[in-house]
Each structure stands twice: as C-alpha cells, then as structure tokens.
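So the structure is just underneath, and the comments pick up after that.
First listed ligand is number 1; within each ligand, the first listed atom is number 1.
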Amino acid sequence: MEELKRIEKTALTRAKKARTSQDVAQLRAEILGKKGALGTAMRSLGDVSPEERPKLGARINEVKSRIEEALDEAVTRIGVAERDSALASGRYDVTLPGRRMYPGAPHALRLIEDEVVRSLTPLGFTVATGPLVEHDWYNFEALNMPQDHPARDMHDTFFVGKNTVLRTHTSNTQIRTMLTRQPPVRVLAPGMVFRKDNLDATHSPVFHQIEGLWIDERATFADLKGVLKTLAIGLFGPEAQIRLRPSFFPFTEPSVEVDVRSPMLKKGLGWLEVLGAGMVHPAVLEYVGYDPEKVQGFAFGTGIERLAMLKYGIDDIRLLYENDLRFANQFASRAGS
Ligand code: FA5
C-alpha cells in the first residue's frame with residue numbers, strides 16, 4: 001500500500017511537470033507499461049494473502065485510473081501549448097497561396113467500360129471475367145476455329161507455350177461461362193486482350209474489349225438488335241442509330257458488323273464501325289455441352305479503345321496509354337455522365 005502511494009505521488013507530480021508529448025509517452029511506459037511500476041505491483045498480488053488480495057487489487061486499479069487521467073490531461077495541455085507556440089512563432093503564413101489538390105480521375109477506357117456495363121445491366125447482364133493467359137481450346141478451338149482454320153490468321157497471336165496463348169479476344173469468357181452455367185445466361189466480359197499488331201495510331205498489341213453473351217430458349221436476332229441499340233444509346237446518346245452489315249466470325253452465324261451514327265459524335269454524320277456480333281454458332285453450343293435444338297443466343301464484342309476514340313474524338317490510340325496528365329485529366333468531369 002505504501003509503495004502504491006509513492007508510485008501515485010511521483011506519477012502525478014511528473015505528469016504535471018511534463019512539457020512535451022515525449023515526456024508523457026515515457027512516463028506512461030515507466031508507470032503503466034508491462035514492465036512499469038504498476039505492472040510490477042500487479043504481479044506482486046500473487047504474494048499477498050487471499051484475504052488481502054481483493055483490497056490491494058482494487059487499490060491498484062484506482063491508482064491506475066487516476067494516473068491515466070493525469071496523463072490524458074497532460075496530453076491535452078501539451079497539445080494546446082504546442083499549437084499555441086507554433087502559431088506564436090508564425091509557422092503558418094496565412095497569406096501563402098493554398099496547396100493545389102490533384103484529385104484522381106477515371107481513365108477514359110474505364111469510363112467506356114463502365115458505360116457499357118451501366119447501359120446493359122438493366123437488361124439483366126452481369127459481369128464475368130476470364131484468364132488473360134489462355135489455353136488454345138478456349139481461345140480458338142471451342143469457338144469453332146480448329147488448328148488449321150484460316151480465321152486464326154486474323155488474330156496474330158502471342159504463344160506462351162505450345163497450346164497456351166495470351167488471349168486474342170474476350171470471347172474465351174463466353175466459353176468459360178457456358179461451361180460453368182446453364183441457360184439463361186446473360187454476361188458481359190470486359191478485359192485486356194493481346195495481338196501481335198504493331199503499335200500505330202489505331203492499333204495496340206495490348207488493348208481492351210468487352211464481350212456480351214445472351215443464351216436462352218428463345219434469344220433471337222431481334223433481341224440482339226434491341227441490345228445493340230440500347231448499348232449505342234447508352235454510349236452515344238438518345239439519338240444514336242445503328243446499322244447492321246453482314247460479316248463473318250467463325251463462332252457466330254449469321255454474323256454482323258455494327259455501325260453507329262449519332263449527332264453527339266463529331267463525325268456524327270457518317271456511319272462508324274463499332275462492333276462485331278452474331279447468333280452463337282450451333283457448333284459452339286455443342287462444344288460447351290448445350291443442346292442447339294433447345295437453346296440459342298447471340299454474342300457481341302467490341303474494342304474499348306476504338307469506342308473511346310470515337311466518343312472523345314481521340315485521334316491516336318497511344319494517347320490512352322501514355323499517362324500524360326494533361327490528357328488524362330480531360331476526362332475528370334465526364335465520370336458518371
Ligand atoms: C473479335 O475479337 C470478336 N471476338 C468479336 C465478336 C465477339 C464477334 C462476339 C462476334 C461475337 P475483332 O477481331 O473484329 O473481333 O475485334 C473486335 C474489336 O477489337 C475491333 O472492332 C477493334 O475495335 C478492336 N481491335 C482489334 N484489334 C485491335 C488493336 N490491335 N488495337 C486496338 N483495338 C483493336
């Protein structure tokens with residue numbers, strides 16, 4: 001009990017005298033820390049008789065809370081004093097110009113991806129992802145492009161191993177989705193893709209696509225047109241129009257290329273090609289174990305860079321990758337628009 005009284009007295013006096021936050025921290029460690037004076041007192045409880053123990057324990061707790069209070073008071077007092085002295089010594093010059101803040105802005109490619117997703121989620125689409133390093137089977141074979149198919153030439157491919165490629169399109173995610181889910185399926189698959197294309201104003205060896213897939217008992221070409229129109233309006237405004245031209249993809253039949261025209265676009269008076277699409281080929285449905293007699297559907301895929309270039313009037317794809325803040329910040333105000 002005597003020793004406790006002494007500890008308390010010293011601690012309270014030293015707390016009052018403390019001048020800096022370090023003084024308080026040191027005192028706190030010396031008295032309240034594990035190896036501090038009170039900690040030692042706590043441990044000595046084991047040596048006293050069972051009758052004495054509760055009384056002594058209660059007393060230790062009392063002393064502890066009084067010391068804590070004194071230390072807290074010291075912290076407040078010192079904080080105020082330190083601020084006053086900083087102000088008095090003129091460390092703040094209120095006439096200096098403020099420091100400029102540079103808030104981040106979403107990248108143009110992110111904005112386009114978000115817009116596509118936002119336009120189509122009300123129709124029941126959800127987002128799916130697939131691997132960037134892909135087995136040949138998912139990237140080509142199951143998409144009706146066997147080993148020697150000439151359509152493979154259109155995708156100049158980076159081979160990582162004999163049967164492993166950097167995916168050349170997001171269509172691998174169609175296959176992976178259909179293999180793991182049963183219809184109805186409605187997914188959007190955004191992501192990075194790779195082709196051995198030389199970097200120039202309109203091509204990059206690494207670029208981004210977003211893929212759509214809708215499979216159901218009765219998902220028709222008319223539904224595809226409706227989805228594409230919704231997408232065009234979401235991206236290019238309510239007056240956007242679409243035009244479908246016959247095309248070829250090994251994994252869709254019939255296949256189309258889709259052009260868009262909108263007064264919102266600078267080149268709005270002409271038709272601009274924006275994506276490829278078509279009804280999923282029955283052979284692809286068979287590859288993934290669906291019955292083409294029972295289910296059908298459509299897919300579409302588009303290049304996000306090209307959409308960004310059209311929408312924002314960017315004439316060189318390289319600007320999208322250079323991270324020049326003067327370029328990147330132009331999109332700050334477009335987030336959510
Ligand atoms: C495809 O990749 C098909 N998978 C799209 C598809 C999906 C069709 C589903 C039907 C059904 P394509 O090879 O045309 O298609 O590429 C799609 C888009 O990617 C092009 O329209 C273009 O916008 C973009 N693209 C292609 N190569 C590059 C490149 N090197 N740099 C930037 N964008 C590119």
*List the closest protein heavy-atom neighbour of atom 15 (O) of ligand 1: residue, atom name, distance to the nearest 0.1 Å.*
F249 CE2, 3.6 Å
_Can you confirm whether or not the ring centre of F125 sits under 6.0 Å from the ring centre of W214?_
yes
_At less than 4.0 angstrom from any non-hydrogen atom of G276, what atoms of ligand 1 do you find?_
6 (C), 8 (C), 10 (C)
*E305, E257, E273: member with heavy atom nearest to atom 21 (O) of ligand 1*: E273
*Taking only heavy atoms of A299, which atoms of ligand 1 are found under 4.0 Å from at least one of them?*
9 (C), 11 (C)
*Looking only at distance, does Q209 have an N or O less than 3.5 Å from an N or O of ligand 1?*
yes
*Going by the atom numbers of ligand 1, which of them fall below 4.0 Å from some non-hydrogen atom of G303?*
18 (C), 19 (O), 23 (O), 24 (C)
*Thinking salt bridges, do E273 and R306 make one under a 4.0 Å N-O criterion?*
no
*Identify the protein heavy atom lying closest to atom 20 (C) of ligand 1, giving its residue, its atom name and the separation to 0.1 Å.*
R306 NH1, 4.4 Å
*asked:* So, regarding S171 and ligand 1 (criterion: nitrogen or oxygen to nitrogen or oxygen, under 3.5 Å), is there a contact or not?
replied: yes
_Salt bridge R59-E8, side-chain N to carboxylate O under 4.0 Å_ = yes
*Identify the heavy atoms of N172 and R167 that sit nearest to each other, and give their distance.*
OD1-NH1, 3.3 Å
*Would you indicate which of R195, M279, K196 comes nearest to atom 12 (P) of ligand 1 when only heavy atoms are counted?*
R195
*Note: E69-R66 ion pair, threshold 4.0 Å (strictly below)*: no
*Report the member of F300, F298, F248, F207 with the shortest heavy-atom distance to atom 24 (C) of ligand 1.*
F207
*asked:* Taking distance alone, with N or O pairs closer than 3.5 Å, would you say Q174 contacts ligand 1?
replied: no
_D156/K196 ion pair, N-O < 4.0 Å_ = no
_Any salt bridge linking E134 with R176? Criterion: basic side-chain nitrogen under 4.0 Å from a carboxylate oxygen._
yes
*asked:* Tell me the contacting part of V193 for ligand 1: side chain, backbone, both, or neither, using a 4.0 Å heavy-atom threshold, strictly below.
replied: neither
*Contact check: D197 vs ligand 1, nitrogen or oxygen atoms, below 3.5 angstrom*: yes
*asked:* Below a 4.0 angstrom heavy-atom separation, can you tell me which part of H203, side chain or backbone, both or neither, approaches ligand 1?
replied: both
*Pull out every atom of ligand 1 sitting under 4.0 Å from any heavy atom of S204, numbered as shown with elements.*
29 (C), 30 (N), 31 (N)
*Intermediate values then yes/no, ring pair (Phe, Tyr, Trp, His ring centres under 6.0 Å), Y312 and F331*: CA-CA 9 Å; Y312 301 133; F331 305 96; 4.8 Å; yes
*Report the nearest protein non-hydrogen atom to atom 3 (C) of ligand 1: residue, atom name, distance rounded to 0.1 Å.*
F251 CZ, 3.8 Å
_With a heavy-atom distance limit of 4.0 Å, tell me whether A277 approaches ligand 1 through its side chain, its backbone, both, or neither._
backbone
*Has E62 got more than 12 heavy atoms of other residues, nucleotides or ligands less than 6.0 Å from its CD?*
yes
*Do R195 and D197 sit within salt-bridge range, that is, some charged N less than 4.0 Å from a carboxylate O?*
no
*Would you sort out whether H169 and F251 count as a ring pair (Phe, Tyr, Trp, His ring centres under 6.0 Å), showing the intermediate values?*
CA-CA 12 Å; H169 51 177; F251 35 90; 5.6 Å; yes
*Compute the shortest N/O to N/O distance between H169 and ligand 1 and return yes if it is under 3.5 Å, no if not.*
yes
*For ligand 1, find out whether one of its N or O atoms is nearer than 3.5 Å to an N or O atom of T168.*
no
*Numbered atoms of ligand 1 (with element) below 4.0 Å of I317, judged on heavy atoms*: 32 (C)
_Surrounding CD of E239 (heavy atoms of other residues, nucleotides or ligands, distance under 6.0 Å), is the total greater than 12?_
no
*Would you mind listing which atoms of ligand 1 come within a distance below 4.0 Å of any non-hydrogen atom of E211?*
7 (C), 9 (C)
*Less than 4.0 Å between a side-chain N and a carboxylate O, is that true for E68 and R28?*
no
